[in-house]
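First the structure, in the form of structure tokens, and then the observations on it.
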Amino acid sequence: MRASELLAQAQLWWRREPERFRNRLLESRLVEAQIARAQGRPEDSVRILAASLPERVRLSGELHVDTGILLNNLATARYHAGQLKAARVDFEHAWAIWQGLNAQATGDALNTLNNWAALELREGHAAEAERLFREALALRRAHLPPSAALAALQNNLGKMVLPRGAAEEALPLLQGAVVLGEQYAGPASQHTLSAMAGVGEAQITLGRMDEARLTLADLEARAQWPLPALLLFTLVLVACSDKPAEPAIAGAVATNKTVAAAPADAKAVAAATAPGGGRLRRGLKAFRRCSASSISSTRSSTSSAATLSAASSGR
């Protein structure tokens with residue numbers, strides 16, 4: 001039976017005695033919103049959570065853990081629905097609640113901080129995003145045990161500092177994220193593979209092409225779904241080799257297993273590597289200057305995107 005059907009049955013039962021099960025019904029709305037977003041209905045997810053907020057405040061009060069959780073989930077839903085200004089307001093509100101509760105070092109609070117930083121990064125506010133990622137990382141390291149969430153934070157911060165030329169700082173952060181991801185999420189998890197993509201990007205930026213090739217091979221062996229970063233790194237490394245560039249790039253596009261699984265991506269990459277092909281081609285041209293001490297890097301969406309923490313479904 002589908003999750004939505006099971007949830008509907010539970011809600012029907014609780015509505016028989018709504019006052020008795022008031023909190024259960026409110027908590028179920030968090031799950032209902034997650035299901036809506038998973039089904040490709042982000043606006044419905046926002047609507048469900050926004051409608052639940054006044055009731056949550058009436059039941060629990062403004063300064064309460066459950067109110068903070070709901071606000072974080074609402075902000076995250078708005079983020080995915082593209083309602084970024086409203087999402088920022090909700091993240092700020094949630095963070096004020098965690099501060100008021102002196103709960104900044106809890107997992108729920110740090111999810112808020114990480115997600116807020118991801119929003120700032122998406123909006124192009126790099127300095128603010130880096131400040132928030134650093135604050136979240138410092139709090140998590142100081143107060144919570146190692147986890148997949150720590151891997152995500154290190155991954156996000158490492159990729160945050162790469163574009164401003166801090167690859168030497170980024171590389172150990174990303175390598176540590178790989179180790180944490182392997183231990184707490186699995187060797188082929190999104191946490192691990194995303195961090196490995198960041199390691200490869202840092203190695204390329206530092207001109208460590210042999211190490212980057214090993215990272216690419218390891219990443220290819222682990223990936224179980226289309227990963228655009230794989231194709232990007234393949235193209236970059238081919239462009240930095242001694243082979244004639246255009247035939248080698250065409251061969252990489254034709255044989256890369258990401259392309260085999262995602263022909264639409266292959267078409268887009270082929271267009272990008274054709275004459276006049278745009279951003280990726282400009283990036284490849286920069287990467288051909290492999291003897292330079294610092295190599296400019298083009299970032300794929302998989303490699304550079306921040307990872308949002310999963311929304312809480314309640315306690």
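Scanning both residues, His64 and Ile97, for their nearest heavy atoms gives O-CG2, 3.7 Å. The shortest non-hydrogen separation linking Thr192 to Pro187 is CG2-O, 3.5 Å. Smallest separation of non-hydrogen atoms from Ala50 and Arg78: CB-NH2, 4.2 Å. Taking all atoms of both residues into account, the shortest heavy-atom contact from Ala109 to Gln104 is CB-O, 3.5 Å. Minimum heavy-atom separation, Asn23 to Leu59: OD1-CD2, 3.7 Å. In plain terms, the two heavy atoms of Arg141 and Leu173 that are nearest each other are NH2-CD2, 3.6 Å.
Between the side chains of Asn114 and Asn156, a donor-acceptor pair is found at a separation under 3.5 Å. Of the N and O atoms on the side chains of Trp98 and Thr106, not one donor lies less than 3.5 Å from an acceptor on the other residue. For the residue pair His125/Glu130, the side-chain donor-acceptor check at 3.5 Å is not satisfied. Trp13 and Gln9 are not linked by any side-chain donor-acceptor pair at a separation below 3.5 angstrom, with hydrogens and angles left out of the test.
The only option from Thr215, Asp210, Leu216 that meets the side-chain contact (heavy atoms from CB on, under 4.5 Å) definition with Arg213 turns out to be Asp210. Applying side-chain hydrogen bond (donor to acceptor under 3.5 Å, both in side chains) to Asn72 and the options Asn111, Thr67, Thr112, Asp90 leaves one that passes, Thr112. Ser52 pairs with exactly one of Leu25, Leu30, Leu26 by the side-chain contact (heavy atoms from CB on, under 4.5 Å) rule, that one being Leu26.
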When you look at Ser147 and Leu150, which way does the side chain to side chain contact (heavy atoms under 4.5 Å, CB included) test go after all the steps?
CA-CA 5 Å; Ser147 64; Leu150 178 58; 4.0 Å; yes

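The residues Arg88 and Glu123 are annotated as salt-bridged, a charged nitrogen and a carboxylate oxygen being separated by less than 4.0 angstrom. Between Arg47 and Glu43 there is no salt bridge, since no side-chain nitrogen of the basic residue lies less than 4.0 Å from a carboxylate oxygen of the acidic one.
Judged by distance alone, with hydrogens and angles left aside, the side-chain atoms of Ser45 form no donor-acceptor pair with the main-chain N or O of Arg37 at under 3.5 Å. A distance-only check finds a donor-acceptor pair linking the side chain of Lys159 to the backbone of Ser194 [under 3.5 Å].
Residues Leu171 and Gln203 meet the side-chain proximity criterion, which asks for heavy atoms closer than 4.5 Å. Between Phe91 and Thr76 the shortest side-chain heavy-atom distance falls below 4.5 Å. No side-chain heavy atom of Gln83 sits less than 4.5 Å from a side-chain heavy atom of Pro42.
Applying the 6.0 Å contact sphere to CZ of Arg24 captures no more than 12 heavy atoms from other residues, nucleotides or ligands.
Phe21 does not carry Arg15 over the face of its six-membered ring by the limits of under 6.0 Å from the centre and within 45° of the normal.
From Leu113, atom CG reaches atom CD of Glu135 across 5.0 Å, with rounding to the nearest 0.5 Å. Going from atom CZ of Arg2 over to atom CD of Gln39 covers 5.5 Å, rounded to the nearest 0.5 Å.
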